[in-house]
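All remarks here apply to the structure that follows.
Hydrogens, waters and symmetry mates are skipped; everything else that's a heavy atom, side chains included, is used. Source: prediction; values computed, not measured.
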Amino acid sequence: MINSKKIYLVNLLMAILPNSGAQGLKTRLYRWAGAKVGQGVEFFQGVKVQGIGELEIGDWAFIGHEVLFMLNEGSKVIVEPQAIVGSRSIVITGFHPIEPGGERVLGREGTTSIVRIGRGCSVSTNCTVLPGVTVGEMSIAAAGAVITKDVAPYTLVGGCPAKLIKNLK
């Protein structure tokens with residue numbers, strides 16, 4: 001579970017640490033804040049974690065510039081080994097229930113989910129991964145894709161919402 005005070009400090013440091021350097025320090029910082037981080041993970045500058053859910057990043061994963069992980073309490077993001085999360089992508093674990101008869105259209109209580117980014121896959125630059133989604137192993141989400149549903153392994157998806165473009169096998 002992410003510690004909110006510690007991750008606040010890590011987020012500040014990630015903004016000023018070198019772009020592709022200090023990988024060992026970055027890994028230790030995320031572990032200190034409560035994330036599970038495997039060996040050989042690359043974090044680029046400006047990666048940010050918001051919230052206090054769980055974050056697991058597998059061996060040799062790549063997390064690009066300014067990636068944002070939004071973790072609701074009780075939620076989890078799993079980035080499996082060798083996966084790539086491209087620059088300025090956003091991974092979201094929760095939302096608010098739609099309540100059109102209430103005081104406002106979105107309820108105050110948040111939802112929780114597990115988001116899984118599969119082994120060896122690529123979530124390209126500026127993608128949005130919505131709550132509860134699994135991006136299958138060795139798949140590719142094209143730049144700018146909004147991933148609203150599970151992505152099958154060994155496929156290429158793209159668009160808003162993301163749709164199948166090609167089977168990669």
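Looking at Ile140 and Leu168, their side chains come closer than 4.5 Å, going by heavy atoms from C-beta outward. Side chains of Thr93 and Val77 form a contact here, defined as non-hydrogen atoms less than 4.5 Å apart. The shortest distance between side-chain heavy atoms of Arg116 and Glu80 falls below 4.5 Å. Taking 4.5 Å as the limit, some side-chain heavy atom of Val79 sits within range of a side-chain heavy atom of Phe69.
With Arg31 contributing its side chain and Val37 its backbone, the two residues share a donor-acceptor pair below 3.5 Å. Formation of a donor-acceptor pair under 3.5 Å by the Asn11 side chain with backbone atoms of Val49 is found in this model. Of the possible polar contacts, none joining the Thr112 side chain to the Ser75 backbone as a donor-acceptor pair under 3.5 Å is found. Using modelled atom types, no side-chain atom of Ser113 and backbone atom of Pro131 make a donor-acceptor pair closer than 3.5 Å. Side-chain atoms of Asn3 do not come within 3.5 Å of backbone N or O of Gly34 as any donor-acceptor pair. Looking at Ser124, its side chain does come within 3.5 Å of a backbone N or O of Ala141 through a donor-acceptor pair. A donor-acceptor distance shorter than 3.5 angstrom exists from the side chain of Asp59 to the backbone of Gln39, with no hydrogens or angles considered.
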### Task
Could you go through the side chain to side chain contact (heavy atoms under 4.5 Å, CB included) check for Ile114 and Ile78 one step at a time?
CA-CA 8 Å; Ile114 295 174; Ile78 302 165; 4.2 Å; yes
### Query
Stepwise, does the side chain to side chain contact (heavy atoms under 4.5 Å, CB included) test hold for Val10 with Ile7?
CA-CA 5 Å; Val10 172; Ile7 202 64; 4.1 Å; yes
#### Entry: side chain to side chain contact (heavy atoms under 4.5 Å, CB included) evaluation trace for Leu17 with Leu25
CA-CA 9 Å; Leu17 286 171; Leu25 174 59; 3.9 Å; yes
### Query
Can you list the steps and then say if Val157 with Ile165 is a side chain to side chain contact (heavy atoms under 4.5 Å, CB included)?
CA-CA 5 Å; Val157 299; Ile165 295 173; 5.7 Å; no
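The two atoms that bring Leu130 and Val133 nearest to each other are O-CG2, 3.2 Å, heavy atoms only. The two residues Gly144 and Cys127 have their closest heavy-atom pair at N-SG, 4.0 Å. In terms of heavy atoms, Gly38 sits closest to Thr27 at O-CG2, 4.3 Å. Looking at every heavy atom in both residues, Val67 comes nearest to Gly86 through CG2-O, 3.2 Å. Contact detail for Ile2 and Ala35: the closest heavy-atom pair is CD1-N, 3.7 Å. Of all heavy-atom pairs between Gln45 and Asn19, the closest is CB-OD1, 3.2 Å.
Under the 6.0 Å distance and 45° angle rule, Lys26 does not count as a cation-pi partner of Phe43.
For the atom pair Ile117 CD1 and Ser89 OG, the distance stands at 8.0 Å (nearest 0.5 Å). In this structure, Ser139 OG and Leu164 CG are separated by 11.0 Å, a value rounded to the nearest 0.5 Å. The NZ atom of Lys36 sits 6.0 Å away from atom CD of Glu54, with the distance rounded to the nearest 0.5 Å. Rounding to the nearest 0.5 Å gives a distance of 8.5 Å between CD of Gln82 and CH2 of Trp60. Here Thr125 contributes atom OG1 and His65 contributes atom NE2; the two are 10.0 Å apart, rounded to the nearest 0.5 Å. Interatomic distance, Ile147 CD1 to Thr128 OG1, rounded to the nearest 0.5 Å: 8.0 Å.
Salt-bridge formation is not detected for the pair Glu66/Lys48: no Lys NZ or Arg NE/NH1/NH2 atom is positioned less than 4.0 Å from an Asp or Glu carboxylate oxygen. The pair Glu137-Arg119 meets the salt-bridge criterion, with a side-chain N (NZ, NE, NH1 or NH2) lying under 4.0 Å from an Asp/Glu carboxylate O.
At a threshold of 4.5 Å between side-chain heavy atoms, the hydrophobic network of Ile, Leu, Val, Met, Phe, Trp and Tyr places Trp32 and Met14 in one connected group. A continuous path of hydrophobic side-chain contacts links Leu13 to Leu55 [ILVMFWY only; heavy atoms under 4.5 Å]. In terms of hydrophobic clustering, with Ile, Leu, Val, Met, Phe, Trp and Tyr side chains grouped at heavy-atom distances under 4.5 Å, Ile92 and Ile52 are assigned to different clusters.
Between Tyr30 and the options Val47, Ile57, Val41, a side chain to side chain contact (heavy atoms under 4.5 Å, CB included) holds for only Val47.
Ring centroid separation for the pair Phe44 and Phe62 comes in under the 6.0 Å cut-off.
The 12-atom threshold is not exceeded at CD of Glu73, counting heavy atoms of other residues, nucleotides or ligands nearer than 6.0 Å.
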